[in-house]
*Asks:* 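Here it is, the structure, as structure tokens.
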Amino acid sequence: MIPASADLMRDVLFLPEAASRQARDIDALHFWVISATMLGALAVGLTALVFLVKYRRMGDRPRPTRFIALPVKYELAMAGLLLGLFLAWWFVGYRQMIALQRAPEGALEIYVTGKQWMWKFASADGPDTVGVLVVPAARPVRLLITARDVVHSFFVPALRVKQDAIPGRYTSLSFTIDRPGSFPVYCAEYCGLSHSRMWATLVALPPEEYQRWLEGAVPPAVGEAGGNADIAGGRLGEREAISIAQRGEQQAARYGCLACHTVDGQPHIGPTWRGLFGSERVLVTGQRLVADAAYLTQSMMRPMEDLVAGYPPVMPTYQGQMEPADVAAIVEYIKSLRHDAGRAP
Amino acid sequence: MAEHAAHFESLARQQTAARFAMWVFLASELLLFAGLFFLYMCYRLYWPAAFASGVGHNHALLGTVNTIVLITASITVAMGLRKLQHGAPRAAFRLVATTVLLAGLFLVVKLTEYGVHIDEGILPGGRGRYFAEGALPGEAAFFTLYWLTTGLHAIHVTVGAGVLLVMAWRIRRGTLRAAQLELGALYWHLVDAIWIFLWPLYYLTGGAPK
Amino acid sequence: MTPTTERHAGESYLGGERTLRSWLTTRDHKRIGLMFLIATSLFLFVGGLFALLLRLELLAPRETLMGPMTYNRMFTAHGVVMVWLFMIPAIPSGFGNFLLPLMIGANDVAFPRLNLASFYIYVAGAVVALFGLFMGGADTGWTFYVPYSAQTATAVVPVLIGVFILGWSSIVTGVNFIATVHTMRAKGLQWMQMPLFVWAIYGTSVIQVLATPVLGLVLLLIGMEHLFDWGIFDPRRGGDPVIFQHLFWFYSHPAVYIMVLPAMGVISEVVCAFSRKNPLSYQAIVIATVGITFFGFLAWGHHMFTAGMSTFAAGSFGILSMVVAIFSAIKVFTWTGTLYQGSISLKAPLLYVLAFLFLFVFGGMTGVAVATMSLDVHWHDTYFVVAHFHFIMVGGTLTAFLAAVHYWFPKVTGRNYPETWGVAMAVLVFIGFNVTFVPQFLLGNLGMPRRYYDYPESMQWLHVISTGGSWLLGIALLTTVLYLAWSLRHGAVATDNPWHSAGFEWRTASPPPPYNFPGSPALHRGAYDYTGQEPPEGPAALP
Amino acid sequence: MRTYAITGAALLALTLLSYGVSRLDLGGAEMPVAMAIATVKVGLVAVYFMHLRHAPAGERLFALSGLVMYVVLFGIAATDVFLRRTTGFLPQ
């Protein structure tokens with residue numbers, strides 16, 4: 001579909017601007033599907049109308065009609081053709097869905113936490129924020145989403161993405177915004193009293209402005225988003241004095257992780273954290289896997305499941321005891337202890 | 001007594017309808033348990049060690065005794081039905097009454113077991129001493145499901161036993177048709193069938209015995 | 001044609017004993033069906049009133065008519081009342097009860113006492129649920145998602161128990177109808193000769209029997225979670241709220257077909273009667289009915305595409321949803337084709353059928369659209385989905401319900417409704433419906449999430465149109481009730497078969513006598529046989 | 001009567017077998033074996049005690065339908081639960 005007609009369709013259908021490549025792909029499918037839908041409904045309605053006019057009864061006397069029966073095979077053939085069309089949509093939709101979930105290489109990871117009734121954002125190097133999610137434009141971003149209390153849903157209409165935030169679990173979402181701008185974010189899963197006001201703003205900054213934001217400046221776009229009356233609840237969080245990795249260090253001490261895990265490379269009761277991230281682990285089962293963020297969080301929640309060979313099975317679970325943000329912080333801390341830390345990711 | 005309801009053309013048809021409806025209802029009853037079995041499958045997948053430990057903690061012997069009791073009760077009710085069909089109400093009464101007694105025995109054993117669990121501090125929702133003293137995470141889920149599933153099953157046993165008790169009484173008075181007893185027997189067999197699955201899930205599959 | 005009602009007045013099911021007691025203790029499926037119809041229609045208006053108030057609140061952004069607490073309770077009340085007190089029982093327990101025995105040539109359903117019990121269980125469930133809704137009210141939405149439903153301070157438990165009880169009514173009626181269809185058919189009436197409405201009710205009953213217990217259990221579990229905090233689905237104790245969603249939708253997706261299948265049955269009957277034609281393909285509709293009954297169970301996961309399911313599961317549910325849609329498409333195709341070369345009389349019931357065809361195709365096709373995974377990601381939990389399922393449930397089920405009310409009004413009451421009013425209100429329902437719900441599709445595209453009492457100002461004018469439409473729809477429905485009530489007393493006395501329909505239910509007096517057929521019913525001509533010189537008229541002669 | 005006695009004996013024997021097997025260390029095979037024995041037992045109950053052997057097609061259909069719904073629920077939902085790598089905090 002040529003871009004101009006796509007914009008026209010977007011206006012006709014009241015779709016908001018599409019701020020990413022994926023959103024435009026989804027819109028293209030949307031146009032096909034919705035056009036076919038409207039044509040189908042119209043065709044059936046019109047056919048019925050034509051029959052109605054053509055075969056309407058004159059006078060009140062009913063007249064007998066011919067017995068007309070279409071063999072079932074024709075109906076099934078028709079159904080088969082239609083199913084082919086539906087499956088084509090499904091095929092395209094499925095691929096797009098997978099693309100939405102696949103994180104591109106080098107994506108900026110940001111932790112999103114929904115709680116009644118606000119969105120909190122934390123990334124490895126930027127400040128934590130509430131209600132305003134700041135990302136660089138033209139760079140892949142991966143959101144790791146969870147909730148503190150009940151199910152929420154992180155919804156950005158301009159990106160055509162939505163992902164439930166489920167307590168006790170991380171879900172993820174990836175996108176690359178084309179150009180700078182600010183876009184509304186809603187909570188789409190009913191979550192109680194102020195569900196209708198659980199809004200936030202997604203601000204995409206040009207790379208250099210994003211860099212300044214990391215360094216502490218508040219670019220006007222972010223300030224505006226925070227003060228936008230239409231997007232209430234959008235405000236900048238207290239600027240954290242420490243980075244997320246530093247917070248992870250504090251939390252690791254608080255939860256007693258450091259009683260068993262060292263950070264200097266010496267094995268203790270548990271494996272050391274130095275160089276742990278990204279290294280290959282050998283489990284008691286003989287299975288080998290790489291200690292990524294998934295493995296680390298899994299180990300905190302279900303330590304008995306993927307035991308590493310050579311250590312006693314003594315680690316307690318932290319399921320339900322640690323806040324998701326703290327889990328994320330500790331993972332970031334362990335990440336900062338990898339051997340190649342400091343080099344480009 | 002041999003009269004059929006006015007809207008049926010014959011007694012035979014009425015009985016066919018009743019038995020058929022019973023089967024439909026049994027399918028429905030079976031699905032009442034589906035949610036609990038499904039939760040068991042999911043949570044066992046999430047917490048394999050805790051579930052194995054929980055199963056190991058249950059009293060396999062008591063569970064097995066109860067299984068034998070229920071299966072015997074199924075045999076006696078099936079035989080009682082056959083006796084009634086063959087016009088031997090006295091023998092039928094004895095067999096159905098035995099079934100009711102066995103159901104009572106099942107409930108006594110089950111309640112004893114519940115008593116032991118309460119003593120050990122194993123209550124639904126992860127309440128009680130057992131969990132405070134450092135059970136594996138996930139054992140609370142196991143025992144909550146244990147209480148819910150066996151509790152729901154025990155309610156079914158009670159209902160089934162009650163129905164069979166009334167039927168035994170009516171056999172003795174000579175006012176029960178075999179077709180009516182068959183409905184009660186079908187329900188009872190379903191109760192038995194559900195337990196046949198409950199038993200390995202909650203008593204046997206605890207891994208190697210310690 | 002002689003007004004035969006006079007002839008049978010003493011014998012009709014409405015005659016005889018007329019005391020309240022005789023109604024409340026009746027075992028006549030027709031009286032029970034009528035009581036269900038009255039009760040469910042009452043709840044249609046209760047639920048409709050909630051809808052109008054909700055729409056009024058949405059006339060402007062921010063708090064206008066009610067605060068968020070009231071709004072949240074009210075949309076829950078709207079959902080609970082409409083789904084469990086109107087949609088699910090209305091056509092099956094109401095018209096199904098009245099017509100099923102008539103259509104298979106039986107005297108009554110298989111278990112009349114159970115049938116009456118089902119009505120009282122329904123009333124009990126309704127009382128408990130309404131008690132909960134008015135004394136505090138749940139604010140969870142009709143979906144009761146955990147963990148919110150386990151934590152909220154509102155009166156969730158009575159509502160859950162009420163719905164649980166209603167579920168039993170549904171199961172009991174389902175068991176009864178299945179047994180009736182299997183064992184009560186008139187001698188010689190084969191499965192492939194049964195009226196399509198019977199097939200539809202049969203499929204519905206199967207779903208009711210097999211899906212409802214799963215819901216019942218899961219509602220009890222939330223109740224316990226709410227009361228005792230047992231942590232069954234609580235993530236803080238290692239529970240998984242998504243398991244709840246699986247179990248909930250395992251019932252609630254098939255429940256959509258509990259609402260839609262009977263409506264389809266009505267359409268099959270009305271289309272044939274008013275075009276005086278056999279269905280274009282009887283077998284195709286039967287196949288589609290059975291197909292929906294079974295495949296309807298396999299598609300529930302498309303309500304959870306954004307819930308973090310495994311991609312493989314999401315894909316499977318996507319394909320299965322497409323397959324279910326195909327069966328509906330077969331039906332639409334057959335109904336439309338049935339009109340071909342018919343002798344069509346454009347009366348109110350047929351107008352409703354046309355409205356149904358158009359709205360159902362649009363609703364169904366948008367259903368295929370939301371089953372397309374990447375599109376659903378944008379539409380999920382927005383007004384697009386709200387509009388989609390209202391197209392199916394209001395545009396589909398409610399219009400079919402109204403078609404049924406008008407088509408069988410003479411059968412049930414022995415009077416005719418005023419045709420002009422009927423036609424006028426059918427048109428108004430169609431217009432009001434579209435004005436209400438088409439803007440909601442656009443709101444969904446804009447990104448308006450559902451269950452919001454507040455929204456960005458840029459969305460307001462679409463909400464204004466939608467609210468206006470809701471009032472048109474409300475006026476049309478209210479007027480319909482008024483003229484129907486009027487015709488109970490003042491309507492022209494109907495002949496036994498005013499539509500000259502070949503349907504089996506018309507081969508006895510209107511209203512029918514207590515045991516339906518004097519002697520054995522004459523079903524020697526097919527229920528869709530319009531080829532003869534004169535259609536069957538009045539109580540058919542005995543062989 | 002003979003049929004019932006034989007069926008009953010078979011059920012009791014299978015019960016003991018199941019118990020005996022559970023005392024062995026079967027590892028991963030434990031659950032499948034236990035479920036297989038239970039299925040055979042329920043099959044015996046349904047076919048002989050509940051007379052499914054002589055039941056009309058309609059009754060068999062509904063006996064089967066309950067089972068089919070179990071397969072549907074467990075089968076399809078399992079594709080989510082098993083493939084999702086579960087509830088843990090898994091950012092995958």
*Asks:* In terms of heavy-atom proximity below 4.5 Å to chain C, should B/Leu30 be classed as side chain, backbone, both, or neither?
*Replies:*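 Looking at B/Leu30, nothing touches chain C.
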*Asks:* What's the spacing between C/Leu221 CG and B/Leu36 CG if we round to 0.5 Å?
*Replies:*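 Spacing of CG (C/Leu221) from CG (B/Leu36) equals 6.0 Å.
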*Asks:* Can you tell which part of C/Phe233 gets under 4.5 Å to a heavy atom of chain B, answering side chain, backbone, both or neither?
*Replies:*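 C/Phe233 touches chain B through backbone and side-chain heavy atoms alike.
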*Asks:* Any chance OH of C/Tyr120 has more than 12 other-residue heavy atoms, nucleotides or ligands included, within less than 6.0 Å?
*Replies:*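 Above 12, so yes.
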*Asks:* If I measure from the heavy atoms of chain C, does B/Ala50 come under 4.5 Å with its side chain, its backbone, both, or neither?
*Replies:*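 Neither; nothing under 4.5 Å.
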*Asks:* Checking side-chain contact (heavy atoms from CB on, under 4.5 Å) against B/Leu31, which of C/Leu215, C/Val214, C/Leu217 comes through?
*Replies:*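 Testing B/Leu31 for a side-chain contact (heavy atoms from CB on, under 4.5 Å) against C/Leu215, C/Val214, C/Leu217 leaves exactly one candidate, C/Val214.
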*Asks:* Please identify, among B/Gly35, B/Pro124, B/Ala21, the residue contributing the most non-hydrogen atom pairs under 4.5 Å to chain C.
*Replies:*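 The candidate making the most pairs under 4.5 Å is B/Pro124.
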*Asks:* Top residue by heavy-atom pair count (under 4.5 Å) with chain C, among B/Ala34, B/Gly126, B/Ala141, B/Ala18?
*Replies:*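 Option with the top pair count is B/Ala18.
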*Asks:* Taking atom types as modelled, which donor-acceptor pairs link chain C and chain B at under 3.5 angstrom?
*Replies:*
from: C/Val109; atom 1: O; to: B/His7; atom 2: NE2; distance (Å): 3.4
from: C/Ala110; atom 1: O; to: B/His7; atom 2: NE2; distance (Å): 2.9
from: C/Thr183; atom 1: O; to: B/Arg13; atom 2: NE; distance (Å): 2.7
from: C/Thr183; atom 1: O; to: B/Arg13; atom 2: NH2; distance (Å): 3.0
from: C/Arg185; atom 1: O; to: B/Arg13; atom 2: NH2; distance (Å): 2.8
from: C/Val209; atom 1: O; to: B/Ser28; atom 2: OG; distance (Å): 2.9
from: C/Phe228; atom 1: O; to: B/Arg127; atom 2: NH1; distance (Å): 3.3
from: C/Phe228; atom 1: O; to: B/Arg127; atom 2: NH2; distance (Å): 2.8
from: C/Asp229; atom 1: O; to: B/Arg127; atom 2: NH2; distance (Å): 3.0
from: C/Ile232; atom 1: O; to: B/Tyr43; atom 2: OH; distance (Å): 2.6
from: C/Arg237; atom 1: NH1; to: B/Gly125; atom 2: O; distance (Å): 3.3
from: C/Asp240; atom 1: N; to: B/Tyr43; atom 2: OH; distance (Å): 2.9
from: C/Asp240; atom 1: OD2; to: B/Tyr46; atom 2: OH; distance (Å): 2.6

*Asks:* For C/Ser316, give me all partners under side-chain hydrogen bond (donor to acceptor under 3.5 Å, both in side chains), at least two apart in sequence or on another chain.
*Replies:*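 In terms of side-chain hydrogen bond (donor to acceptor under 3.5 Å, both in side chains), with neighbours along the sequence ignored, C/Ser316 is linked to no residue.
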*Asks:* Quick one: CZ on B/Phe38 to CD1 on C/Ile243, what's the gap to the nearest 0.5 Å?
*Replies:*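 The CZ atom of B/Phe38 sits 5.0 Å away from the CD1 atom of C/Ile243.
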*Asks:* Is there a side chain to side chain contact (heavy atoms under 4.5 Å, CB included) between B/Leu148 and C/Leu220? Walk through the geometry before answering.
*Replies:* CA-CA 10 Å; B/Leu148 285 168; C/Leu220 283 189; over 6 Å; no
*Asks:* Go through C/Val109, C/Val218, C/Val206 and name the one with the most non-hydrogen pairs under 4.5 angstrom from chain B.
*Replies:*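 Looking at each option in turn, the highest pair count goes to C/Val109.
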*Asks:* So, do B/Phe25 and C/Val209 sit near enough that their side-chain heavy atoms are less than 4.5 Å apart?
*Replies:*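 The answer is no, as the side chains (C-beta and beyond) never meet within the 4.5 Å cut-off.
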*Asks:* Measure B/Ala17 against the heavy atoms of chain C and call it side chain, backbone, both or neither at under 4.5 Å.
*Replies:*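 Both backbone and side chain.
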*Asks:* At a heavy-atom distance under 4.5 Å, which candidate from C/Ala110, C/Gly231, C/Gly216, C/Ala211 has the highest pair count against chain B?
*Replies:*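 Greatest number of close heavy-atom pairs with chain B: C/Ala110.
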*Asks:* Check whether C/Met184 gets within reach of chain B through its side chain, its backbone, both or neither, counting any heavy atom under 4.5 Å.
*Replies:*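 Both backbone and side chain.
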*Asks:* Relative to chain B, which segment of C/Ile178 carries a heavy atom at a distance below 4.5 Å: side chain, backbone, both, or neither?
*Replies:*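 When you check distances to chain B, atoms from both the backbone and side chain of C/Ile178 fall under 4.5 Å.
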*Asks:* Measure the CG-CG distance between C/Leu247 and B/Leu39 for me, rounded to the nearest 0.5 Å.
*Replies:*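 The distance works out to 5.5 Å.
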